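Worksheet: one structure, shown below.
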Amino acid sequence: MQRVDLRSDTVTHPTEQMYQQMAEAPLGDDVFGDDPTVNQLEQESAERLGKEAALFVPTGTMANSIAIGTLTRPGDEMLLMEDSHIYLYEAGGSSRLWGVHPHPLPSVAGCLDARDIASSIRPDDPHQPRTSLICLENTHNMCGGRVITAEQIAPVAQAAREHRLKMHLDGARLFHAEVALGIPAAQLAAEFDSVSFCLSKGLSCPVGSLLCGSAEQIAEGRRLRKLLGGGMRQVGVLAAPGRVALSQGIDRLAEDHRRCQQLAEQLALLPGARIEPNPPQSNILFVAFDHFDEAGYQQMEADLGALGVRVLAIGERGLRAVLHRQIDDEGLQRAIEAFRQIRSI
Ligand SMILES: *Cc1c(COP(=O)(O)O)cnc(C)c1O
(Lines give C-alpha, C1' and ligand atoms only; values in the text may rest on other atoms or scores of the structure.)
Protein backbone atom coordinates (compact mmCIF):
# COMPACT_ATOMS: atom_id res chain seq x y z
CA MET A 1 0.00 0.00 0.00
CA GLN A 2 1.31 3.43 -0.91
CA ARG A 3 2.16 5.65 2.00
CA VAL A 4 0.38 8.92 2.66
CA ASP A 5 3.32 11.18 3.38
CA LEU A 6 2.25 14.38 5.13
CA ARG A 7 5.64 15.15 6.67
CA SER A 8 6.39 17.90 4.19
CA ASP A 9 5.68 19.15 0.68
CA THR A 10 9.38 18.53 -0.03
CA VAL A 11 8.54 14.86 -0.62
CA THR A 12 6.86 15.61 -3.97
CA HIS A 13 8.27 14.05 -7.14
CA PRO A 14 8.45 15.71 -10.58
CA THR A 15 5.44 15.60 -12.90
CA GLU A 16 5.53 13.74 -16.24
CA GLN A 17 5.83 17.05 -18.03
CA MET A 18 8.82 17.97 -15.85
CA TYR A 19 10.62 14.72 -16.72
CA GLN A 20 9.95 15.39 -20.38
CA GLN A 21 11.34 18.94 -20.17
CA MET A 22 14.38 17.68 -18.22
CA ALA A 23 15.16 15.37 -21.13
CA GLU A 24 14.65 18.03 -23.80
CA ALA A 25 16.01 21.25 -22.27
CA PRO A 26 18.81 23.02 -24.14
CA LEU A 27 21.90 23.05 -21.90
CA GLY A 28 25.16 24.92 -21.44
CA ASP A 29 27.68 25.62 -18.70
CA ASP A 30 25.87 27.90 -16.29
CA VAL A 31 29.06 29.07 -14.56
CA PHE A 32 29.93 30.63 -17.94
CA GLY A 33 26.36 31.97 -18.11
CA ASP A 34 25.77 29.66 -21.09
CA ASP A 35 22.80 27.60 -19.98
CA PRO A 36 19.79 28.99 -21.87
CA THR A 37 17.29 27.10 -19.71
CA VAL A 38 18.71 28.53 -16.49
CA ASN A 39 18.81 32.00 -18.03
CA GLN A 40 15.14 31.70 -19.00
CA LEU A 41 14.14 30.48 -15.54
CA GLU A 42 16.03 33.33 -13.88
CA GLN A 43 14.43 35.89 -16.16
CA GLU A 44 10.92 34.48 -15.69
CA SER A 45 11.39 34.35 -11.91
CA ALA A 46 12.59 37.96 -11.71
CA GLU A 47 9.65 39.10 -13.84
CA ARG A 48 7.15 37.18 -11.77
CA LEU A 49 8.40 38.76 -8.55
CA GLY A 50 8.81 42.23 -10.04
CA LYS A 51 12.58 42.31 -9.45
CA GLU A 52 15.42 43.16 -11.84
CA ALA A 53 17.27 39.85 -11.67
CA ALA A 54 17.28 36.35 -10.20
CA LEU A 55 19.77 33.63 -9.31
CA PHE A 56 19.13 29.88 -9.48
CA VAL A 57 20.53 28.05 -6.46
CA PRO A 58 20.23 24.47 -5.19
CA THR A 59 18.31 25.20 -1.97
CA GLY A 60 16.22 27.73 -0.12
CA THR A 61 18.86 27.77 2.58
CA MET A 62 21.48 28.90 0.07
CA ALA A 63 19.12 31.55 -1.35
CA ASN A 64 18.54 32.99 2.13
CA SER A 65 22.22 32.78 2.97
CA ILE A 66 23.21 34.67 -0.18
CA ALA A 67 20.54 37.28 0.55
CA ILE A 68 21.97 37.89 4.02
CA GLY A 69 25.54 37.90 2.69
CA THR A 70 24.71 40.47 0.02
CA LEU A 71 22.54 42.80 2.12
CA THR A 72 24.83 43.11 5.18
CA ARG A 73 28.41 43.72 6.27
CA PRO A 74 30.22 41.54 8.82
CA GLY A 75 29.33 42.63 12.35
CA ASP A 76 25.86 43.82 11.36
CA GLU A 77 22.72 42.69 13.13
CA MET A 78 19.53 41.42 11.51
CA LEU A 79 16.06 41.38 13.04
CA LEU A 80 14.03 38.26 12.43
CA MET A 81 11.37 36.09 14.06
CA GLU A 82 12.42 33.63 16.74
CA ASP A 83 10.39 30.91 15.02
CA SER A 84 11.62 31.70 11.50
CA HIS A 85 13.32 29.13 9.30
CA ILE A 86 16.41 31.32 8.97
CA TYR A 87 16.80 31.52 12.74
CA LEU A 88 15.95 27.90 13.58
CA TYR A 89 16.84 25.69 10.67
CA GLU A 90 19.71 27.09 8.61
CA ALA A 91 22.61 25.86 10.76
CA GLY A 92 23.37 29.33 12.11
CA GLY A 93 24.72 30.30 8.69
CA SER A 94 24.31 34.06 9.10
CA SER A 95 26.82 34.20 11.95
CA ARG A 96 29.04 31.38 10.76
CA LEU A 97 29.36 32.50 7.15
CA TRP A 98 28.87 36.26 7.17
CA GLY A 99 29.49 37.36 10.77
CA VAL A 100 25.91 38.63 11.01
CA HIS A 101 24.37 38.69 14.46
CA PRO A 102 20.77 37.45 14.52
CA HIS A 103 18.40 39.33 16.82
CA PRO A 104 15.29 37.18 17.27
CA LEU A 105 11.93 38.78 18.07
CA PRO A 106 8.51 37.22 18.69
CA SER A 107 6.28 36.62 15.71
CA VAL A 108 2.84 38.19 15.94
CA ALA A 109 0.40 36.43 13.60
CA GLY A 110 3.42 35.20 11.63
CA CYS A 111 4.97 38.66 11.20
CA LEU A 112 7.20 41.07 13.09
CA ASP A 113 5.53 43.80 15.09
CA ALA A 114 6.69 47.26 14.00
CA ARG A 115 6.87 48.36 17.66
CA ASP A 116 9.28 45.53 18.46
CA ILE A 117 11.37 46.59 15.48
CA ALA A 118 11.44 50.22 16.57
CA SER A 119 12.55 49.27 20.08
CA SER A 120 15.20 46.81 18.81
CA ILE A 121 17.05 48.98 16.32
CA ARG A 122 20.44 49.87 17.75
CA PRO A 123 21.49 53.44 18.27
CA ASP A 124 24.57 54.68 16.43
CA ASP A 125 26.97 53.63 19.17
CA PRO A 126 30.40 52.02 18.69
CA HIS A 127 29.62 49.54 21.50
CA GLN A 128 26.79 47.98 19.54
CA PRO A 129 26.33 46.09 16.30
CA ARG A 130 24.71 47.96 13.44
CA THR A 131 21.12 46.95 12.68
CA SER A 132 20.92 46.62 8.91
CA LEU A 133 18.45 43.93 7.83
CA ILE A 134 14.93 42.68 8.56
CA CYS A 135 13.82 39.21 7.44
CA LEU A 136 10.21 38.04 7.17
CA GLU A 137 8.78 34.70 6.03
CA ASN A 138 5.71 34.10 3.82
CA THR A 139 3.99 31.75 4.29
CA HIS A 140 5.24 31.27 7.84
CA ASN A 141 6.16 27.61 8.23
CA MET A 142 6.30 27.23 12.03
CA CYS A 143 3.18 29.37 12.44
CA GLY A 144 1.38 26.62 10.54
CA GLY A 145 1.66 28.05 7.04
CA ARG A 146 0.25 31.42 8.02
CA VAL A 147 -0.21 33.79 5.12
CA ILE A 148 1.26 37.25 5.68
CA THR A 149 -0.78 40.03 4.10
CA ALA A 150 0.39 43.27 2.47
CA GLU A 151 -1.28 45.07 5.41
CA GLN A 152 0.97 43.23 7.87
CA ILE A 153 4.08 43.94 5.79
CA ALA A 154 3.39 47.69 5.38
CA PRO A 155 4.27 48.86 8.93
CA VAL A 156 7.43 46.71 8.93
CA ALA A 157 8.46 48.25 5.60
CA GLN A 158 7.71 51.71 6.99
CA ALA A 159 10.02 51.06 9.96
CA ALA A 160 12.69 49.73 7.59
CA ARG A 161 12.49 52.88 5.44
CA GLU A 162 12.65 55.18 8.44
CA HIS A 163 15.78 53.48 9.73
CA ARG A 164 17.32 52.68 6.33
CA LEU A 165 17.25 48.93 6.87
CA LYS A 166 17.21 46.36 4.08
CA MET A 167 14.41 43.82 3.84
CA HIS A 168 14.61 40.16 2.77
CA LEU A 169 11.65 37.82 2.40
CA ASP A 170 12.05 34.09 2.90
CA GLY A 171 9.32 33.17 0.45
CA ALA A 172 9.96 29.42 0.38
CA ARG A 173 6.16 29.09 -0.01
CA LEU A 174 5.37 32.55 -1.37
CA PHE A 175 3.15 31.15 -4.13
CA HIS A 176 0.94 29.55 -1.49
CA ALA A 177 0.41 33.07 -0.17
CA GLU A 178 -0.32 34.32 -3.69
CA VAL A 179 -2.98 31.64 -4.15
CA ALA A 180 -4.47 32.03 -0.66
CA LEU A 181 -4.75 35.82 -0.92
CA GLY A 182 -5.53 35.96 -4.63
CA ILE A 183 -2.94 38.67 -5.20
CA PRO A 184 0.23 38.40 -7.28
CA ALA A 185 3.44 37.35 -5.51
CA ALA A 186 5.07 40.51 -6.95
CA GLN A 187 2.73 42.59 -4.82
CA LEU A 188 3.72 40.66 -1.69
CA ALA A 189 7.39 41.03 -2.69
CA ALA A 190 7.26 44.74 -3.51
CA GLU A 191 8.53 46.07 -0.18
CA PHE A 192 11.51 43.72 -0.07
CA ASP A 193 15.00 44.23 -1.48
CA SER A 194 15.21 40.50 -2.12
CA VAL A 195 12.94 37.47 -2.07
CA SER A 196 13.76 33.76 -2.11
CA PHE A 197 11.35 31.04 -3.17
CA CYS A 198 11.55 27.25 -3.43
CA LEU A 199 10.70 25.15 -6.47
CA SER A 200 11.28 21.96 -4.50
CA LYS A 201 8.27 22.07 -2.17
CA GLY A 202 4.64 22.40 -3.23
CA LEU A 203 5.80 23.13 -6.77
CA SER A 204 7.08 19.52 -7.07
CA CYS A 205 10.56 20.11 -8.52
CA PRO A 206 13.31 17.79 -7.35
CA VAL A 207 15.73 20.64 -6.56
CA GLY A 208 16.00 24.37 -6.74
CA SER A 209 15.31 27.81 -5.36
CA LEU A 210 15.56 31.32 -6.71
CA LEU A 211 16.82 34.52 -5.14
CA CYS A 212 15.31 37.61 -6.77
CA GLY A 213 16.54 41.17 -6.23
CA SER A 214 18.28 44.12 -7.85
CA ALA A 215 20.73 43.49 -10.70
CA GLU A 216 23.54 44.67 -8.45
CA GLN A 217 22.60 42.38 -5.57
CA ILE A 218 22.22 39.37 -7.84
CA ALA A 219 25.60 40.03 -9.50
CA GLU A 220 27.22 39.99 -6.06
CA GLY A 221 25.06 36.97 -5.17
CA ARG A 222 26.62 35.09 -8.10
CA ARG A 223 30.00 35.56 -6.45
CA LEU A 224 28.71 34.29 -3.08
CA ARG A 225 27.03 31.32 -4.77
CA LYS A 226 30.43 30.37 -6.21
CA LEU A 227 32.02 30.85 -2.79
CA LEU A 228 29.47 28.47 -1.26
CA GLY A 229 30.13 25.84 -3.92
CA GLY A 230 26.80 26.44 -5.63
CA GLY A 231 28.10 27.23 -9.14
CA MET A 232 26.58 24.41 -11.19
CA ARG A 233 27.19 23.41 -14.80
CA GLN A 234 24.57 21.93 -17.20
CA VAL A 235 21.95 22.72 -14.62
CA GLY A 236 19.27 23.44 -17.20
CA VAL A 237 18.18 19.86 -16.43
CA LEU A 238 17.03 21.22 -13.07
CA ALA A 239 15.90 24.63 -14.28
CA ALA A 240 13.63 23.01 -16.87
CA PRO A 241 11.19 21.54 -14.29
CA GLY A 242 11.31 24.92 -12.54
CA ARG A 243 9.96 26.59 -15.68
CA VAL A 244 7.16 24.00 -15.82
CA ALA A 245 6.40 24.64 -12.13
CA LEU A 246 6.07 28.39 -12.62
CA SER A 247 3.86 28.10 -15.67
CA GLN A 248 1.71 25.10 -14.63
CA GLY A 249 2.10 24.44 -10.93
CA ILE A 250 0.90 27.50 -9.07
CA ASP A 251 -2.89 27.43 -9.53
CA ARG A 252 -2.94 23.80 -8.40
CA LEU A 253 -1.78 24.84 -4.91
CA ALA A 254 -5.40 25.82 -4.21
CA GLU A 255 -6.26 22.09 -4.11
CA ASP A 256 -3.73 21.55 -1.32
CA HIS A 257 -5.29 24.44 0.60
CA ARG A 258 -8.76 22.94 0.19
CA ARG A 259 -7.61 19.50 1.38
CA CYS A 260 -5.79 21.07 4.31
CA GLN A 261 -9.06 22.72 5.40
CA GLN A 262 -10.91 19.42 5.02
CA LEU A 263 -8.27 17.64 7.11
CA ALA A 264 -8.57 20.34 9.77
CA GLU A 265 -12.36 20.02 9.89
CA GLN A 266 -12.17 16.25 10.38
CA LEU A 267 -9.32 16.28 12.90
CA ALA A 268 -11.10 18.94 14.94
CA LEU A 269 -13.83 16.33 15.63
CA LEU A 270 -11.37 14.02 17.44
CA PRO A 271 -11.49 14.09 21.25
CA GLY A 272 -9.35 16.87 22.75
CA ALA A 273 -8.03 18.02 19.36
CA ARG A 274 -6.84 21.57 18.75
CA ILE A 275 -6.00 22.77 15.24
CA GLU A 276 -3.57 25.57 14.58
CA PRO A 277 -4.10 27.83 12.80
CA ASN A 278 -7.83 27.29 12.74
CA PRO A 279 -8.89 27.31 9.98
CA PRO A 280 -5.59 26.60 8.20
CA GLN A 281 -4.55 29.37 5.83
CA SER A 282 -2.52 27.37 3.32
CA ASN A 283 -1.24 23.79 3.05
CA ILE A 284 0.10 23.31 6.60
CA LEU A 285 -1.60 22.57 9.91
CA PHE A 286 -0.60 21.59 13.41
CA VAL A 287 -2.85 19.37 15.50
CA ALA A 288 -2.38 19.05 19.27
CA PHE A 289 -4.38 17.00 21.79
CA ASP A 290 -5.25 17.78 25.39
CA HIS A 291 -2.92 16.12 27.91
CA PHE A 292 -0.33 15.09 25.32
CA ASP A 293 3.38 15.77 25.77
CA GLU A 294 6.33 15.41 23.44
CA ALA A 295 6.62 11.66 24.02
CA GLY A 296 2.88 11.25 23.39
CA TYR A 297 3.20 12.95 20.00
CA GLN A 298 6.19 10.79 19.09
CA GLN A 299 4.14 7.71 19.88
CA MET A 300 1.29 9.08 17.81
CA GLU A 301 3.66 9.70 14.90
CA ALA A 302 4.81 6.06 15.16
CA ASP A 303 1.22 4.74 15.42
CA LEU A 304 0.15 6.69 12.36
CA GLY A 305 3.28 5.52 10.55
CA ALA A 306 2.31 1.91 11.23
CA LEU A 307 -0.97 2.64 9.44
CA GLY A 308 0.94 4.05 6.44
CA VAL A 309 0.38 7.73 7.28
CA ARG A 310 3.43 9.82 7.98
CA VAL A 311 3.34 13.12 9.88
CA LEU A 312 5.99 14.98 11.91
CA ALA A 313 5.89 15.27 15.70
CA ILE A 314 7.28 18.70 16.53
CA GLY A 315 8.08 18.90 20.24
CA GLU A 316 5.21 20.09 22.41
CA ARG A 317 3.54 21.70 19.41
CA GLY A 318 1.91 18.45 18.34
CA LEU A 319 1.85 16.93 14.87
CA ARG A 320 2.45 18.83 11.66
CA ALA A 321 0.73 17.78 8.46
CA VAL A 322 1.50 19.30 5.05
CA LEU A 323 -0.70 18.83 1.98
CA HIS A 324 0.87 18.60 -1.47
CA ARG A 325 0.43 17.32 -5.02
CA GLN A 326 0.87 13.70 -4.06
CA ILE A 327 -1.99 13.68 -1.56
CA ASP A 328 -5.21 13.26 -3.53
CA ASP A 329 -8.72 12.94 -2.07
CA GLU A 330 -8.20 9.25 -1.44
CA GLY A 331 -4.93 9.90 0.41
CA LEU A 332 -6.70 12.54 2.46
CA GLN A 333 -9.41 10.06 3.45
CA ARG A 334 -6.79 7.49 4.42
CA ALA A 335 -5.07 10.04 6.62
CA ILE A 336 -8.36 10.96 8.32
CA GLU A 337 -9.18 7.26 8.89
CA ALA A 338 -5.77 6.61 10.42
CA PHE A 339 -6.19 9.49 12.88
CA ARG A 340 -9.68 8.19 13.80
CA GLN A 341 -8.28 4.73 14.35
CA ILE A 342 -5.51 5.83 16.73
CA ARG A 343 -7.89 8.12 18.62
CA SER A 344 -10.30 5.12 18.59
CA ILE A 345 -13.59 6.61 17.53
C1 LIG B 1 12.18 24.71 3.35
C2 LIG B 1 12.34 26.10 3.78
C3 LIG B 1 13.54 26.80 3.55
C4 LIG B 1 14.81 26.16 3.03
O5 LIG B 1 14.72 25.41 1.93
P6 LIG B 1 15.74 24.20 1.63
O7 LIG B 1 15.62 24.07 0.16
O8 LIG B 1 15.23 23.03 2.39
O9 LIG B 1 17.10 24.62 2.06
C10 LIG B 1 13.60 28.12 3.93
N11 LIG B 1 12.54 28.71 4.50
C12 LIG B 1 11.39 28.09 4.74
C13 LIG B 1 10.26 28.83 5.36
C14 LIG B 1 11.24 26.75 4.40
O15 LIG B 1 10.10 26.13 4.66
Side-chain angles (χ1 to χ4, degrees), residues 5-14 41 45 49 54-69 78 80-94 96-97 102 104 107 109-112 133-148 153 167-178 180 185 188-189 192 194-212 221 224-225 228-230 232 235 238-239 241-242 245 253 256 260 277 280-286 312 314 317 320-325:
D5 195 343
L6 297 165
R7 287 173 302 167
S8 177
D9 44 12
T10 56
V11 303
T12 44
H13 288 202
L41 174 64
S45 300
L49 290 224
L55 185 66
F56 184 53
V57 293
T59 63
T61 300
M62 192 185 287
N64 287 334
S65 177
I66 292 172
I68 295 164
M78 64 175 176
L80 77 180
M81 292 170 286
E82 63 195 5
D83 53 4
S84 63
H85 196 279
I86 294 176
Y87 188 60
L88 290 178
Y89 301 125
E90 300 189 5
S94 71
R96 186 160 180 175
L97 296 165
S107 58
C111 193
L112 284 172
L133 176 65
I134 296 176
C135 299
L136 295 183
E137 186 174 311
N138 201 3
T139 63
H140 193 308
N141 181 356
M142 286 308 283
C143 286
R146 256 180 190 273
V147 173
I148 313 308
I153 297 164
M167 298 249 294
H168 171 67
L169 178 63
D170 176 355
R173 297 187 182 81
L174 184 61
F175 294 110
H176 291 83
E178 168 176 297
L188 297 167
F192 295 88
S194 62
V195 181
S196 58
F197 69 84
C198 290
L199 296 167
S200 54
K201 295 187 171 171
L203 295 178
S204 300
C205 291
V207 176
S209 285
L210 276 296
L211 176 67
C212 307
L224 297 192
R225 183 181 69 177
L228 294 172
M232 300 176 287
V235 73
L238 298 179
L253 299 174
D256 301 338
C260 192
Q281 299 187 347
S282 61
N283 65 327
I284 304 178
L285 65 76
F286 283 87
L312 271 190
I314 300 193
R317 285 287 296 281
R320 190 184 77 161
V322 184
L323 280 293
H324 53 76
R325 190 175 63 80

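As the structure lists them, so they are numbered: ligands from 1, and atoms in each ligand from 1. Only this structure's heavy atoms are used, side chains among them; waters, hydrogens and symmetry mates stay out. Keep in mind that what you see is a predicted model, and the values were worked out from it rather than measured.
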Near Cys198 (heavy-atom distance under 4.0 Å), the atoms of ligand 1 are 5 (O)

Is it the case that Glu90 and His85 place a side-chain donor and acceptor less than 3.5 Å from each other? yes

Looking at side-chain heavy atoms only, is the closest gap between His140 and Ser107 below 4.5 Å? yes

Can you find a heavy atom in the side chain of Ile86 that is under 4.5 Å from one in the side chain of Met81? no

Mark up the atoms of ligand 1 that fall under 4.0 Å of a heavy atom belonging to Asn64, in ascending order. 10 (C)

Proximal atoms of ligand 1 relative to Arg173 (non-hydrogen, under 4.0 Å): 15 (O)

Residue pair Arg173 / Asp9, side-chain heavy-atom distance below 4.5 Å: yes

Decide whether Asn283 and His324 meet the rule of one side-chain donor and one side-chain acceptor closer than 3.5 Å. no

Quick test of your reading of the structure: of Glu137, Lys201, His85, His140, whose heavy atom lies closest to atom 2 (C) of ligand 1? Lys201

Identify, for atom 11 (N) of ligand 1, the protein heavy atom at the shortest distance, and state residue, atom and that distance. Asp170 OD2, 2.6 Å

Which residue supplies the protein heavy atom nearest to atom 7 (O) of ligand 1, what is that atom called, and how far is it? Gly60 N, 2.8 Å

Are Ile66 and Leu55 side-chain neighbours, meaning at least one heavy-atom pair lies under 4.5 Å? yes

Ligand 1 atoms in contact with Thr59 (distance to a heavy atom under 4.0 Å): 7 (O), 9 (O)

For atom 9 (O) of ligand 1, the protein heavy atom that lies nearest, with its residue and separation: Thr61 OG1, 2.6 Å

